[in-house]
Amino acid sequence: MDRIIMHIDVNNAFLSWSAIDLLKQGAKYDIRESYAVIGGDEEKRRGVVLAKSNLCKKLGIVTGESLYSARKKCPNLEIYPPNFKVYQYYSNKLFELLGKYTPDIEVFSIDECFIDYSKVKKLYGDELEFAYKIKDEIKEKLGFTVNIGIGNNKLCAKMASEFEKPDKAHTLYMDEIKEKMWPLPIENLLWIGKKTSVKLRELNINTIGDLANSNPHELSKYFKNQAIKMIESAKGIDDSEVITTYVDPKGISHSTTLPYDYTNKDEIYKVIGELSEKLGISLRKQKKYCHVIAIIIRDKYFHTFSHQRRLKNATDLNNEIYEVAKQLFDEAWNKEPVRLIGVRLDNLTESTYHQLSLFEDIDLREKDKKLEEVVDNLKDKFGHQIITMATLVENKKDKKN
DNA sequence: TCTGGGGTCCTAGGACCC
DNA sequence: TCTGGGGTCCTAGGACCC
């Protein structure tokens, strides 16, 4: 039997959710109806568009572009800061509402999910009617609009939700692919980004239909193994499952764009310390250990590179992460001023017994671990500012003196 | 006052082993 | 006295998604 999959996608999520929140706080008008974007702090050099209103979209403003460039397209642009607590609140509300109808939901991101409707069709009947009902219920109860796409697999459902926006439901069944998907420009196809679309257009493949009908052998010359997958996508083929259970992350990372380019090693170490500490806390919260630590550096020329190392012994301790990350930084740094610094933990595993290296002091390690657990608890109770790693405290002392 | 932050997956090349 | 070949693990980088 054919599967029926739904993709639910909040229209301009961050902007819509901020709009509702601002109205609640007594705002005079709805920023969804004006030339507004949600954007990062330009003073901190995080000035990019995170979400835009439909009016801004019409002016060609896209997510991810700099506010500087967005303002050129719209001189009176209104810029609002993101509020992630509010976003998480409305995201939860959305998934709660959907959860009343079926537990078979794959949360794909903060504002998107898939539903395997095949499993509940007997209960709720025709999928398109159901989609309309749900989207109206969301609008009425939560105050924002969604698009719903329906297809025989996740790919088609997601493609369908991208059709006309906002506040719409669309179908893209297998027998509608030719008519509804093939005329679209190649850029619209999922997994075909900027780089790939440029190459495809050079090969005179301009629409999704062109790609679907291209010669796999010929295309393999340019895209190797990816070619087959690309053509399958263009034909609307996708057998990936809706995954309704929680999937552990394979790695975690934190990174930060610095308020100005850093050249002083101690200043950079301090940031690495803060990032390591955050990572250590979330690692211990998840009861995980990491086997690989990486440092990510972006220099003032926007050149981004990384350096990683597999550990002999997996760790979940701030200080061990910090020490390795610092070392990796020293090995990788090209001495150019640093714009962004990041730390990433990979190859996460469930708590594994710690294999002691020959000269390691087991008591010392146990003490470290106990200490960090105590600190975690204190932070939960009193907030983050209360305790920082010894090195950070020392840095602060140095500054005072 | 140009260009966020957090992920996943894939590929290529080198090291190492049999 | 002229260079195998397959498999696995590891690292770096790139492309894509939200």
Side-chain angles (χ1 to χ4, degrees), chain A residues 7-14 37-51 61-73 75 77 79 81-82 84 87 91 106-114 154-155 158-159 161-162 187-200 220 222-230 233 240 243 247-261 275 278-279 282 291-312 328 331-332 339-348:
Chain A
H7 180 249
I8 293 138
D9 190 3
V10 178
N11 299 129
N12 317 59
F14 287 2
V37 297
I38 303 300
D41 186 345
E42 283 176 296
E43 301 231 319
K44 291 184 178 155
R45 307 199 300 175
R46 289 163 192 179
V48 296
V49 174
L50 300 168
I61 293 173
V62 293
T63 302
E65 85 175 300
S66 66
L67 293 175
Y68 176 84
S69 131
R71 213 182 280 103
K72 277 195 207 160
K73 293 174 186 173
L77 191 67
I79 302 167
F84 291 98
Y87 303 158
S91 173
E106 175 178 341
V107 175
F108 189 67
S109 73
I110 193 162
D111 68 333
E112 275 181 53
C113 67
F114 291 97
K154 285 165 74 175
L155 172 78
K158 191 157 163 61
M159 290 298 297
S161 69
E162 291 293 316
E187 291 78 14
N188 290 28
L189 184 60
L190 194 64
W191 312 124
I192 304 294
K194 234 185 183 158
K195 303 277 178 179
T196 310
S197 59
V198 167
K199 282 197 212 165
L200 285 169
S220 304
Y222 302 93
F223 298 101
K224 303 280 166 65
N225 294 334
Q226 296 293 83
I228 310 296
K229 282 195 175 170
M230 279 165 46
S233 293
S240 64
I243 297 167
V247 180
D248 286 333
K250 301 201 163 49
I252 53 174
S253 71
H254 281 300
S255 63
T256 185
T257 294
L258 305 166
Y260 58 92
D261 294 332
L275 296 170
K278 271 205 230 169
L279 286 169
S282 59
H291 289 77
V292 174
I293 298 177
I295 190 96
I296 296 106
I297 303 169
R298 174 175 295 155
D299 68 22
K300 68 178 289 199
Y301 306 106
F302 232 75
H303 174 230
T304 311
F305 49 101
S306 64
H307 185 42
Q308 68 178 61
R309 176 141 57 235
R310 170 163 280 271
L311 307 174
K312 285 200 182 76
L328 288 165
E331 291 164 10
R339 181 190 174 87
L340 169 145
I341 196 90
V343 179
R344 176 164 183 83
L345 309 180
D346 262 312
N347 267 263
L348 307 187

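Residue numbers begin at 1 in each chain, while the letters A, B, ... track the order of the sequences.
- Side-chain atoms of Lys158(A) and Phe108(A), non-hydrogen and from C-beta on, do get closer than 4.5 Å to each other.
- Under 4.0 angstrom from either OP1 or OP2 of dG7(B) there lies no side-chain N or O belonging to Ser109(A).
- Within a 6.0 Å sphere centred on CD of Glu331(A), heavy atoms belonging to other residues, nucleotides or ligands number more than 12.
- Counting to the nearest Å, the C1' atom of dC2(B) and the CG atom of Asp261(A) are 13 Å from each other.
- Which of dA15(C), dT3(B), dG5(B) sits closest to the side chain of Thr196(A) comes down to dA15(C).
- Applying the 4.0 Å criterion to OP1 and OP2 of dG4(B), one finds that Arg339(A) has a side-chain N or O inside that range.
- Counting only heavy atoms from C-beta outward, the side chains of His254(A) and Val343(A) never approach each other to under 4.5 Å.
- Of the possible donor and acceptor atoms, none in the side chain of Arg309(A) sits under 3.5 Å from a partner among the backbone N and O of Leu328(A).
- Using a 4.0 Å heavy-atom cutoff across all strands shown, Glu112(A) reaches sugar-phosphate atoms only and no base atom.
- Annotation: side chain of Asp261(A) is in contact with side chain of Arg45(A) (closest heavy-atom distance under 4.5 Å).
- Atom CD1 of Ile293(A) sits about 4.5 Å away from atom CG of Leu311(A), to the nearest 0.5 Å.
- Taking a 4.0 Å limit (strictly below) on heavy-atom distances, residues 61-72 of chain A reaches DNA chain B at Ser66(A), Tyr68(A), Arg71(A).
- Leu155(A) is listed as a side-chain neighbour of Ser233(A), based on a closest heavy-atom distance under 4.5 Å.
- Distances shorter than 4.0 Å separate none of the side-chain N or O atoms of Ser253(A) from OP1 or OP2 on dG5(B).
- Contact check for Glu162(A) versus Leu190(A): no side-chain heavy atoms found under the 4.5 Å cut-off.
- Legend: residues meeting side chain to side chain donor-acceptor pair (under 3.5 Å) with Lys73(A), ordered by chain and number and at least two apart, are Glu65(A).
- Nucleic acid contact class of Thr304(A) (heavy atoms, under 4.0 Å, all strands): none.
- Nucleic acid contact class of Lys44(A) (heavy atoms, under 4.0 Å, all strands): none.
- Backbone-only engagement by Ile252(A) is indicated by non-hydrogen atom pairs under 4.0 Å involving sugar-phosphate atoms exclusively.
- Closest-nucleotide positions on DNA chain B for His254(A) and Val48(A) were compared, and the one nearer the 5' end corresponds to Val48(A).
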Solution key, residues 294-302 of chain A side-chain donor-acceptor pairs under 3.5 Å, sequence neighbours excluded:
unit_1: Arg298(A); atom_1: NE; unit_2: Thr304(A); atom_2: OG1; d: 2.9
unit_1: Asp299(A); atom_1: OD1; unit_2: Tyr301(A); atom_2: N; d: 2.9
unit_1: Asp299(A); atom_1: OD1; unit_2: Phe302(A); atom_2: N; d: 3.2
unit_1: Asp299(A); atom_1: OD1; unit_2: His303(A); atom_2: N; d: 3.0
unit_1: Asp299(A); atom_1: OD2; unit_2: Asn334(A); atom_2: ND2; d: 3.4

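- Taking atom CD1 of Ile228(A) as the reference point, atom P of dC10(B) lies 15 Å away to the nearest angstrom.
- Across the protein-nucleic acid pair, Glu187(A) atom CD and dC16(C) atom P stand 11 Å apart, rounded to whole Å.
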Let me have the donor-acceptor pairs involving side chains of residues 192-200 of chain A, under 3.5 Å, with sequence neighbours excluded, atom names and distances please.
unit_1: Ser197(A); atom_1: OG; unit_2: Gly193(A); atom_2: O; d: 2.9
unit_1: Ser197(A); atom_1: OG; unit_2: Lys194(A); atom_2: O; d: 2.9

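- Listed pair Lys158(A) / dC18(C) meets the phosphate criterion, a side-chain N or O lying under 4.0 Å from OP1 or OP2.
- At whole-Å resolution of the value, CD in Glu106(A) and C1' in dC17(C) are 13 Å apart.
- Look at CD1 on Ile296(A): it is 14 Å from C1' on dG4(B), rounded to the nearest Å.
- Between dG4(C) and dC17(B), the distance separating the two C1' atoms is 14 Å to the nearest Å.
- In this structure, Gly342(A) reaches neither bases nor backbone, as no heavy-atom distance under 4.0 Å exists between it and the strands shown.
- The distance from atom CE of Met159(A) to atom CG of Asn188(A), rounded to the nearest 0.5 Å, is 6.0 Å.
- For Trp191(A), whose side chain is taken as the heavy atoms from C-beta onward, the closest listed nucleotide among dC10(B), dC17(C), dG4(B) is dC17(C).
- Within the 4.0 angstrom heavy-atom criterion, base atoms lie near Arg344(A).
- Residues Lys250(A) and Asp41(A) each lie close to DNA chain B; by heavy-atom proximity, the contact nearer the 5' end of the strand is made by Asp41(A).
- Using cut-offs of 30° and 60° for the angle between ring planes, the Phe114(A) and His7(A) rings count as tilted.
- Residue Arg46(A) places none of its side-chain N or O atoms closer than 4.0 Å to OP1 or OP2 of dC2(B).
- For the pair Phe84(A) CZ and dC18(C) P, the computed distance is 16 Å after rounding to whole Å.
- Nucleic acid contact for Pro82(A): none, since no nucleic acid atom lies under 4.0 Å from a heavy atom of the residue.
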Which nucleotides of DNA chain C pair, in dot-bracket form (Watson-Crick or G-U under 3.5 Å, | meaning another strand): ....||||||||||||||
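- Rounded to whole Å, the distance from CZ on Arg298(A) to P on dC2(B) is 16 Å.
- At whole-Å resolution of the value, NZ in Lys194(A) and P in dA15(C) are 12 Å apart.
- Once the 5.5 Å centre distance and the 30° plane angle are applied, the aromatic ring of Phe108(A) is found not to be stacked with the base of dC18(C).
- At a threshold of 4.5 Å between non-hydrogen side-chain atoms, the residues Leu50(A) and Tyr87(A) do not count as touching.
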Nucleotide N/O of nucleotides 11-13 of chain B paired with protein N/O under 3.5 Å:
unit_1: dA12(B); atom_1: OP1; unit_2: Lys224(A); atom_2: NZ; d: 3.2

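- No engagement by Gly40(A) is indicated, since no non-hydrogen atom pair under 4.0 Å with the nucleic acid exists.
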